[in-house]
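Here is the structure we will look at.
Model, not experiment: these values are computed from the prediction. For reference, positions follow the sequence shown, starting with 1. Below, each value reflects all heavy atoms present in this structure, side chains not excepted, and no hydrogens, waters or symmetry copies.
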Amino acid sequence: MTVMDEWVVAACTELGLDPTQVPVPVVLDLARDVAHQVLRPGAPVSAYLMGVAVGRGADPATVAARLTELAGSWPVEMGGGGGPDGPVSDPGRD
């Protein structure tokens with residue numbers, strides 16, 4: 001069992017959830033895609049939004065696919081690329 005597996009089991013136990021229902025790879029892939037294509041702080045927020053949608057009955061894989069597609073189409077000028085938290089600042093344009 002990995003540390004991630006242990007964490008998920010412990011967190012699920014604490015929250016009264018079934019750890020077998022947690023699609024860890026799907027959530028991690030979504031977080032990676034948002035962090036790299038939009039901005040790093042968007043990753044945990046997107047994971048939270050995914051959780052809200054799933055809690056309301058949406059399919060986790062469908063939610064992740066939709067958000068990943070959105071992140072992939074996110075315009076560079078709106079936040080993607082350049083640095084870990086978005087575009088590199090251009091002092092002449094700020």
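- Closest approach of D18 and T20 over heavy atoms only: OD1-OG1, 2.7 Å.
- Annotation for A35 and A43: closest pair CB-CB, 4.0 Å, computed over non-hydrogen atoms.
- Residues V45 and V52 share a hydrophobic cluster, clusters being chains of Ile/Leu/Val/Met/Phe/Trp/Tyr side chains in contact below 4.5 Å.
- Distance check, rounded to the nearest 0.5 Å: CG of L70 to CG of D33 gives 11.5 Å.
- Summarising the geometry of L67 relative to S46, their closest heavy-atom pair is CD1-O, 4.0 Å, with the distance given to 0.1 Å.
- Around atom CD of E69, no more than 12 heavy atoms belonging to other residues, nucleotides or ligands sit under 6.0 Å away.
- In terms of heavy atoms, T68 sits closest to Q37 at O-OE1, 4.4 Å.
- Nearest heavy atoms, A47 versus V27: CB-CG1, 4.1 Å.
- Counting heavy atoms of neighbouring residues, nucleotides and ligands inside a 6.0 Å radius, atom CZ of R66 does not exceed 12 of them.
- What you find for P23 and M50 is that their closest heavy atoms are CG-CE, 4.5 Å.
- Transitive grouping of hydrophobic side chains (ILVMFWY, heavy atoms separated by less than 4.5 Å) keeps V22 and V54 in distinct clusters.
- Two residues are said to be in side-chain contact when any heavy atoms from C-beta on lie closer than 4.5 Å; V8 and V24 meet this criterion.
- With hydrophobic clusters built from ILVMFWY side chains whose heavy atoms lie under 4.5 angstrom apart, V26 shares a cluster with V38.
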